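Just so it is clear, the model here is predicted, and its values are computed rather than measured.
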Amino acid sequence: MKIKILLSLSLFILISHSFPEKDSSSREVLTAEESFKISIKKNKNSFVISMNINERSYIYSEHLSLKGGNKNIKHDIIGKKEMISDDFFGESVIYKNNIDLIISDYHKYIDKVIYVSYQGCLENIICYPRITKKIKATKDKNSLISFDFL
């Protein structure tokens, strides 16, 4: 009897390891930093905050904001919106792939801290808590602008 159980268990283990797993990368949990990469640059007349969103991740449009102190910063968003239904917030408008937040009145924010806040998920696997990044733009004596993440 013990031999039958042992043989059955061995056969089960052998069979379960013989079949290839489905794409394991589709189940891999990413950190928020891996899901959302942020950079900022100055264009001719604006600051552009670029958000590179991992192909399996997304950001909720209603949880995306730009602030300078306690005030909202007027900005435009370039990126594709989609309507989804997810396990965390139900029907929601999201951004996938890459989006750009464009601040036209950039000169107002030199030597001030800009707060970029967002919340997103990794395709029904994990929903990240709200994330806030602080960015400071400074101008040197040669009028060159640089950006620091604080």
Please determine whether residues [X] and [Y] belong to a single hydrophobic cluster, defined as Ile, Leu, Val, Met, Phe, Trp and Tyr linked transitively by side-chain heavy-atom distances below 4.5 Å.
X: I38; Y: I77; value: yes
X: M51; Y: I78; value: no
X: I131; Y: Y95; value: yes
X: L66; Y: V48; value: no
X: Y106; Y: Y115; value: no

Check your understanding: Does Y60 have any ring pair (Phe, Tyr, Trp, His ring centres under 6.0 Å) partners at least two apart in sequence or in another chain, and if so, which?
Key -> Y58, H63, F89

Exercise for review: Applying ring pair (Phe, Tyr, Trp, His ring centres under 6.0 Å), name anything that partners F147, two or more places apart in sequence or on another chain.
Suggested key: F47

Going by side chain to side chain contact (heavy atoms under 4.5 Å, CB included), name the residues that satisfy it together with [X], two or more places apart in sequence or in a different chain.
X: E91; answer: M83, S85
X: L150; answer: V113, K134, K136, D148
X: D140; answer: N142, L144
X: K74; answer: none

Exercise for review: Show your reasoning for whether side-chain contact (heavy atoms from CB on, under 4.5 Å) applies to L101 and I73.
Suggested key: CA-CA 10 Å; L101 311 174; I73 296 175; over 6 Å; no

Practice item. Hey, could you give me each pair passing ring pair (Phe, Tyr, Trp, His ring centres under 6.0 Å) that has a residue in residues 64-83? Not counting sequence neighbours. Key: none

Exercise for review: Measure the shortest side-chain to side-chain distance between S117 and K67 over non-hydrogen atoms and say whether it is less than 4.5 angstrom.
Suggested key: no

Between [X] and [Y], what is the shortest heavy-atom contact and its length?
X: I114; Y: Y109; value: CD1-CB, 3.9 Å
X: I53; Y: N98; value: N-OD1, 3.6 Å
X: L122; Y: L30; value: CD2-N, 3.4 Å
X: Q119; Y: C127; value: NE2-SG, 4.0 Å
X: D111; Y: K139; value: OD1-N, 4.3 Å
X: K96; Y: E55; value: NZ-O, 3.4 Å

Revision key, fill the gap. Output for pair (I59 CD1, L64 CG), nearest 0.5 Å, gives 6.0 Å

Who pairs with [X] by side chain to side chain donor-acceptor pair (under 3.5 Å), at least two apart in sequence or on another chain?
X: N54; answer: none
X: S65; answer: none
X: S50; answer: D100

Review point. Tell me, which pairs form a side-chain hydrogen bond (donor to acceptor under 3.5 Å, both in side chains) where one or both residues lie in residues 33-44, sequence neighbours left out?
Key: T31-E34, S35-S57, S35-Y128

Practice item. Output all residues satisfying salt bridge (charged side-chain N to carboxylate O under 4.0 Å, His left out) with K133, sequence neighbours left out; order by chain, then residue number. Key: none

**Study point:** T138 versus S146, side-chain donor and acceptor atoms under 3.5 Å
**Key:** yes

